[in-house]
Colleague: 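First, the structure itself, so that you have it in front of you.
Counting convention: from 1, in listed order, for ligands and their atoms alike. None of the values given here were measured: they were computed from a predicted structure.
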Amino acid sequence: MKSLKVGLCGTGNVGSAVLDALTKNPEITQKQGGVQLEVILVGARKGKSAVRNKELKVVTDLRQAASSDDIDVFVELIGGCELAKELVEIALRNGKDVVTANKALIATHGDELFKLAKENKVQIGFEASVAGGTPVIKALREGLVASRVQWFAGILNGTTNFILSEMSENNTNFDVALKEAQDLGLAETDPTMDIDGTDAAQKASILAALAFQVPFEFDSVSYGGIDQVDLEDLNYAKELGYSIKHIAYGNLNEGKVNVSAYPTLVSKELLLSQVGQQMNALDICCEEIGSTVYYGPGAGPKPTASAVIADLVDLANGGWPAQESGSQVNKISKKIIKPFPRYFRLEVKNEAGAIAKISSIFAEENISIEALIQHEAKKLKESLQDTVPVVIISGSVDEEVTSRLISSLESMDEINSQVKQFRIHNAL
Ligand SMILES: NC(=O)c1ccc[n+]([C@@H]2O[C@H](COP(=O)([O-])OP(=O)(O)OC[C@H]3O[C@@H](n4cnc5c(N)ncnc54)[C@H](OP(=O)(O)O)[C@@H]3O)[C@@H](O)[C@H]2O)c1
């Protein structure tokens with residue numbers, strides 16, 4: 001039976017789950033993967049107290065763990081980009097394969113690290129860095145290797161999906177839903193990177209590198225967070241046949257790749273719209289196949305550990321097909337070229353002619369209005385009757401024209417607040 005000697009650093013949520021699985025149930029990978037995985041040493045700054053299994057060899061010098069002659073593969077589960085990067089580089093330079101769950105590291109330094117791996121004839125597994133236990137990296141690297149990806153759209157952050165689901169299903173406001181996510185252990189004490197979209201954008205950048213053979217270029221991903229979404233938006237979206245999800249989107253058009261992550265209205269007819277609570281899902285559309293959708297838990301110690309261990313089994317079985325990154329044909333462009341249908345919400349003074357003026361501004365930019373909702377002012381609270389919310393679903397329009405349209409709308413005397421805008425994903 002093939003075997004692999006493993007060194008691991010990071011004994012937090014994921015690291016402990018990997019160690020538990022490898023030491024308590026080693027027969028699973030033997031029976032199902034034909035591979036014996038043996039944990040040779042663990043690096044933990046707190047020493048022995050950091051591991052549950054006291055028989056494991058623990059060293060407090062993490063650099064020593066990464067370079068040890070006794071291991072074949074180094075598993076990095078520390079997180080962050082500084083020490084983690086240094087340890088991964090040490091391991092690669094010392095001829096060790098590497099497995100990591102660290103999306104920030106891959107999204108930001110992926111190209112450098114893959115170059116170093118290639119120079120040292122070793123490989124890097126990073127299945128756990130996107131969608132936790134759901135094998136989306138494997139789908140892109142292997143299952144779809146004979147197909148050309150046109151676009152992907154994914155719910156890649158469980159915390160924000162939970163918050164949006166709670167708000168939409170139970171009419172809870174953002175702060176209450178966030179507190180609930182924290183109480184359930186789904187959100188970090190500091191959830192900034194989830195809420196502002198950074199986490200999903202890092203994952204989108206990793207998917208784009210695989211899907212479109214472009215560099216790992218997190219700086220070229222444009223993104224925004226779910227803090228822009230109000231209960232009112234979720235309710236209007238529902239009324240119009242949509243849900244609002246945080247969607248990481250990548251697409252290829254004439255050699256230009258756009259990668260982004262924003263709150264987005266998703267048509268109720270699409271599977272993505274049904275993905276609730278903390279679940280993740282990724283729809284990958286290829287020229288040859290059409291859409292394939294991958295659904296499952298996107299985080300949590302056990303699902304993430306499962307992805308880490310699957311990478312170890314793959315490495316023992318020879319690793320992955322070599323992939324060209326930094327294609328000369330496809331280039332990432334920060335300027336979003338793809339037009340989307342859009343949702344606009346405006347607070348409009350309750351005066352005759354206001355809607356006609358708004359329509360004429362849309363017409364000047366040659367943008368069609370596909371749907372418009374304006375509820376009767378008398379149905380609103382008295383304090384809100386001076387202005388009424390107007391919601392418009394437009395035809396497809398690109399970013400540049402959208403910004404121009406919004407400035408024209410905001411300069412109208414009849415509109416005295418910021419215009420809200422979200423994209424709509426309705427590709428079938
Ligand atoms: N949690 C998830 O569900 C999940 C899902 C997908 C991917 N990931 C990724 O998996 C990785 C680990 O996540 P986690 O949730 O397991 O994190 P965690 O619970 O915070 O554990 C981090 C571990 O790294 C150690 N560590 C951190 N900084 C260190 C430093 N400067 N020097 C020495 N040790 C250090 C910590 O040691 P101490 O105990 O001594 O502080 C701890 O053992 C991250 O890259 C994360 O993005 C996590």
Colleague: Near ligand 1, which residues have a heavy atom under 4.0 Å away from one of its atoms?
Modeller: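 For ligand 1, the residues that come within the 4.0 Å heavy-atom cutoff are G10, T11, G12, N13, V14, R45, K46, L62, L77, I78, G79, L83, A101, N102, K103, A128, A299, G300, T304.
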Colleague: Quick check with a 6.0 Å cut-off and a 45 degree axis cone: is K118 positioned over the face of F114's six-membered ring?
Modeller: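 Not flagged: K118 not positioned over aromatic ring of F114.
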Colleague: Name all pairs fulfilling the salt bridge (Lys or Arg N to Asp or Glu O under 4.0 Å) condition that reach into residues 60-73, sequence neighbours left out, sorted by first residue then second.
Modeller: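 Sorted pair list: R63-E86.
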Colleague: How would you list, by chain and number, every residue that makes a ring-ring contact (aromatic ring centres under 6.0 Å, His included) with Y223, sequence neighbours excluded?
Modeller: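 Here the qualifying residues are F218.
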Colleague: Any side-chain donor paired with an acceptor under 3.5 Å for K338 and N253?
Modeller: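 Side chains of K338 and N253: no pair found under 3.5 Å.
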Colleague: Looking at E142 and K138, is there a salt bridge between them, counting it only when a charged N and a carboxylate O are closer than 4.0 Å?
Modeller: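 Here K138 pairs with E142 in a salt bridge, since their nearest N and O are under 4.0 Å apart.
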Colleague: Who passes salt bridge (charged side-chain N to carboxylate O under 4.0 Å, His left out) against D227, sequence neighbours left out?
Modeller: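 D227: no salt bridge (charged side-chain N to carboxylate O under 4.0 Å, His left out) contacts found.
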